[in-house]
Amino acid sequence: MEELHSLFYFLELAGTFAFAISGATAARRRNLDIFGICAIAFVVACGGGIIRDVCIGAIPPAGLTNWQYLVVALIAAALTIHFYPLVQRLNRPVLFFDAIGLSLFAVTGAEKALHYGHNGEVAVLLGITTAVGGGVIRDILLNRVPVILEKEIYALAALIGAIIVVSGHYVDWISTDWVAIVALSVCFTLRILALHYHWNLPVPGNNKTDSTE
Amino acid sequence: MEELHSLFYFLELAGTFAFAISGATAARRRNLDIFGICAIAFVVACGGGIIRDVCIGAIPPAGLTNWQYLVVALIAAALTIHFYPLVQRLNRPVLFFDAIGLSLFAVTGAEKALHYGHNGEVAVLLGITTAVGGGVIRDILLNRVPVILEKEIYALAALIGAIIVVSGHYVDWISTDWVAIVALSVCFTLRILALHYHWNLPVPGNNKTDSTE
Amino acid sequence: MEELHSLFYFLELAGTFAFAISGATAARRRNLDIFGICAIAFVVACGGGIIRDVCIGAIPPAGLTNWQYLVVALIAAALTIHFYPLVQRLNRPVLFFDAIGLSLFAVTGAEKALHYGHNGEVAVLLGITTAVGGGVIRDILLNRVPVILEKEIYALAALIGAIIVVSGHYVDWISTDWVAIVALSVCFTLRILALHYHWNLPVPGNNKTDSTE
C-alpha cells in the first residue's frame with residue numbers, strides 16, 4: 001500500500017494547488033495586490049487544515065510547518081498573476097482538481113482527528129472543516145457570504161466522505177486504506193455529478209419575498 | 001446542589017437552542033441553503049465555546065465532542081426550516097432563552113477558564129467570548145458588522161456576569177454555586193431590562209456626520 | 001542588554017497603543033457603540049498575537065493574560081471616544097507608532113515561534129500574522145476587504161523583518177539582540193519609506209476592467 005500513500009501525497013498537493021488557484025483567481029478578480037493574491041492562495045489551501053490542527057492539538061499546524069504546501073500555493077499564485085487568461089481557460093481542470101482536493105481534505109482531515117484519539121463527531125466536523133474551511137476564510141476576507149452556505153453541493157459531499165471514514169473506523173475488519181478509497185470516491189463522484197447536473201441543496205422559502213434583511 | 005447542576009445543564013441546552021434558532025433564522029432570511037442554515041445554527045450555538053476551549057487548551061473543544069450541542073443545533077435548524085412562520089412568532093420566548101444562554105455561557109465560560117487554572121483577566125475575556133463569539137461569527141459569515149458592536153446592551157451584560165464570577169472566585173467564603181447564581185441573575189436581568197426599555201450604549205459622535213467611511 | 005529589553009517593552013506598549021488607536025478610530029468612524037470601540041481596539045492590538053500563541057501552543061495567549069495590553073488598548077479607546085478631533089490630528093504620530101508596532105510585532109512574533117522550538121517557516125508566517133492579524137480581524141469585523149490585501153507595503157515589511165529574524169537564528173555567531181535590531185530597523189524603514197513615497201505593490205491586471213465580481 002506504499003504506492004497508495006505516494007498517490008495520496010501527490011493528490012493532496014494537486015488538491016492544494018487547485019484550492020490555491022481558486023483563492024488566487026478570486027483575489028485577482030477583486031483587484032488585490034500581489035501580496036493579497038499570495039496570502040489568499042495560501043489561506044484557501046491551508047486554512048482549513050490549520051483550524052483542524054488547532055482544534056485537535058496538532059501544534060504547530062501542518063500547514064505552517066510543511067514547506068511543500070506553501071510552495072505549491074505560491075506557485076499557484078504566481079501562475080494566476082502572470083498567466084491569468086490561461087488560468088481562466090483552465091477552469092474545468094481546476095474544478096476537477098478542486099473536487100479531488102475537497103475529497104482528500106475531507107478524508108485525511110477526518111482520519112487525522114481519529115488518529116489523534118478524538119471521537120467520531122470531532123472527526124466528521126473537522127473533516128468538513130478541513131475541506132471547506134479555506135474557502136470560507138477566502139470568502140470572509142473578500143467580504144462576501146461564503147458560497148458554500150448559499151448554493152452548490154460542496155460541503156455535503158465532504159460531510160458524506162467524512163462520515164464514511166468515521167463509520168469505517170468503527171468497523172474493524174475493513175482496512176483504513178479501503179475505507180479511504182471508498183470515502184474519496186463517493187465524495188468526489190458526488191461533487192462531480194453536482195457540478196455536471198447543477199445540483200443545489202434546497203433553499204427554504206426561496207419562492208417568497210423574505211430575502212430582505 | 002445536584003439539582004442545581006441538572007438545572008444548569010437543562011438551561012445550557014435551552015440557551016444553545018435559542019442561540020441556534022437566532023443563527024438559523026438569520027441564515028434563512030439571507031436565503032442560505034439548508035446546509036448553510038444548519039452550519040450557521042451550529043456555529044452560533046458552539047462557536048464561542050470552541051474559541052474559548054482553544055484558548056484555554058481544552059482540546060478538543062467541548063462543542064465538537066458533545067453530541068448534545070450538535071443535535072440541539074440541528075433540531076433548531078430543522079424547526080426553522082420547516083416551521084419558519086411559527087419560529088418567527090416565537091420571537092419573544094427565543095429572546096428570553098437567548099438571554100438565558102447569554103448569561104449561562106458568560107458564567108460557565110468564565111468558570112471553565114478559572115477551572116483550567118488561568119487568571120481573572122483570561123476568565124473575564126473568555127467568558128464574554130463564550131457568550132457573544134457565536135453571534136459575532138454568525139454576523140461575519142452573513143457579511144455584516146456584528147450587531148453586538150453596534151448596539152444593544154448584550155456583551156456588557158456578559159462582561160458584568162463574568163466579572164462577578166471572577167470576583168467571587170477570589171472571595172473564598174462564598175460557594176461557587178452561589179456566585180454563579182448571582183452572576184447569572186444579574187446578567188440575565190440586565191439583558192431583559194435592556195431589551196424591555198431598549199437600552200443602548202452611547203455611540204460617540206452619533207449626532208455628527210462622520211458616518212461616512 | 002537589560003536596557004534594550006526595557007526599550008523593547010516600552011516600544012511594544014507604544015505599538016499596542018498605536019494599533020489600538022487605529023482600531024478605535026476605524027470603529028468610531030463606523031458608528032459603533034462604546035463597547036464596540038473598546039472591543040475593536042483590543043482585537044487590533046492583541047488579535048495577531050493571540051492567533052500566533054494558539055498556533056504555537058502558548059496557552060493561554062499572552063494577549064489574554066497580560067493586563068498591560070488590555071489597559072493600553074482601553075486607554076486608546078477612551079482617548080478616541082473622548083478626544084476624537086485630537087486623535088484625528090495625531091494621525092502622523094499614530095502612523096509612526098503603528099510602523100513601530102508593525103516592526104516589533106513581526107520581530108517578537110517570529111522570535112517567540114522560534115523560542116517555542118518551531119521551524120523557520122512557522123516563525124516567518126506567524127511573525128507576519130502577529131504583525132498584521134489584528135488589522136485583518138478589524139477589517140473583517142468592520143465588514144470590508146482587509147486593507148493590507150489591497151494596497152500599501154505593510155505586510156511585506158513585516159515579512160522581510162520576520163525573514164531577517166529567522167535567517168539570523170540560523171547564523172550562530174550573531175547575537176539575537178543584534179538580529180532583532182537589524183530586523184526592526186529594516187522593517188520600520190521600509191514601512192516609513194512606503195508611507196512617505198506612497199509605495200504600493202503592483203495590482204495585476206489593474207488597467208483592465210475585470211474588477212466586477
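We name chains A, B, ... by the order of the sequence lines, and we start the count at 1 in each one.
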Worksheet item: Val54(B), Ile59(B), Ile50(B): which one forms the most heavy-atom pairs within less than 4.5 Å of chain A?
Response: Ile59(B)
Item to complete: Please determine, among Leu159(A), Ile148(A), Val145(A), the option with the most heavy-atom pairs under 4.5 Å with chain B.
Response: Val145(A)
Worksheet item: Roughly how far apart are Glu121(A) CD and Leu70(B) CG, rounded to 0.5 Å?
Response: 5.0 Å
Worksheet item: Of the non-hydrogen atoms in Pro61(B) and Cys55(A), which two are nearest, and what is the gap between them?
Response: CD-O, 3.4 Å
Worksheet item: With a cut-off of 6.0 Å (strictly less than), are more than 12 heavy atoms of other residues, nucleotides or ligands near OH of Tyr197(A)?
Response: no
Fill in: Rounded distance (nearest 0.5 Å) linking atom CD1 of Ile34(B) with atom CG of Leu149(A)
13.0 Å
Worksheet entry | Rounded distance [0.5 Å steps], NE2 in His118(A) versus CG in Leu64(B) | 9.5 Å
Worksheet item: Measuring heavy-atom distances to chain B, does Val124(A) have an atom under 4.5 Å in its side chain, in its backbone, in both, or in neither?
Response: neither
Item to complete: Output the option from Gly57(A), Ala155(A), Pro202(A) having the highest count of non-hydrogen pairs under 4.5 Å with chain B.
Response: Pro202(A)
Worksheet entry | Rounded distance (nearest 0.5 Å) linking atom CZ of Phe35(B) with atom CG of Asn200(A) | 13.5 Å
Discussion item. Counting heavy-atom pairs under 4.5 Å with chain B, which one of Asn143(A), Ile56(A), Ile140(A), Leu156(A) comes out on top?
Written reply: Asn143(A)
Worksheet item: If you look at every heavy atom in Leu141(B) and Pro146(A), which pair is closest and at what distance?
Response: O-CD, 3.2 Å
Worksheet entry | Per-residue contact mode, Asp53(B) against chain A (heavy atom under 4.5 angstrom) | neither
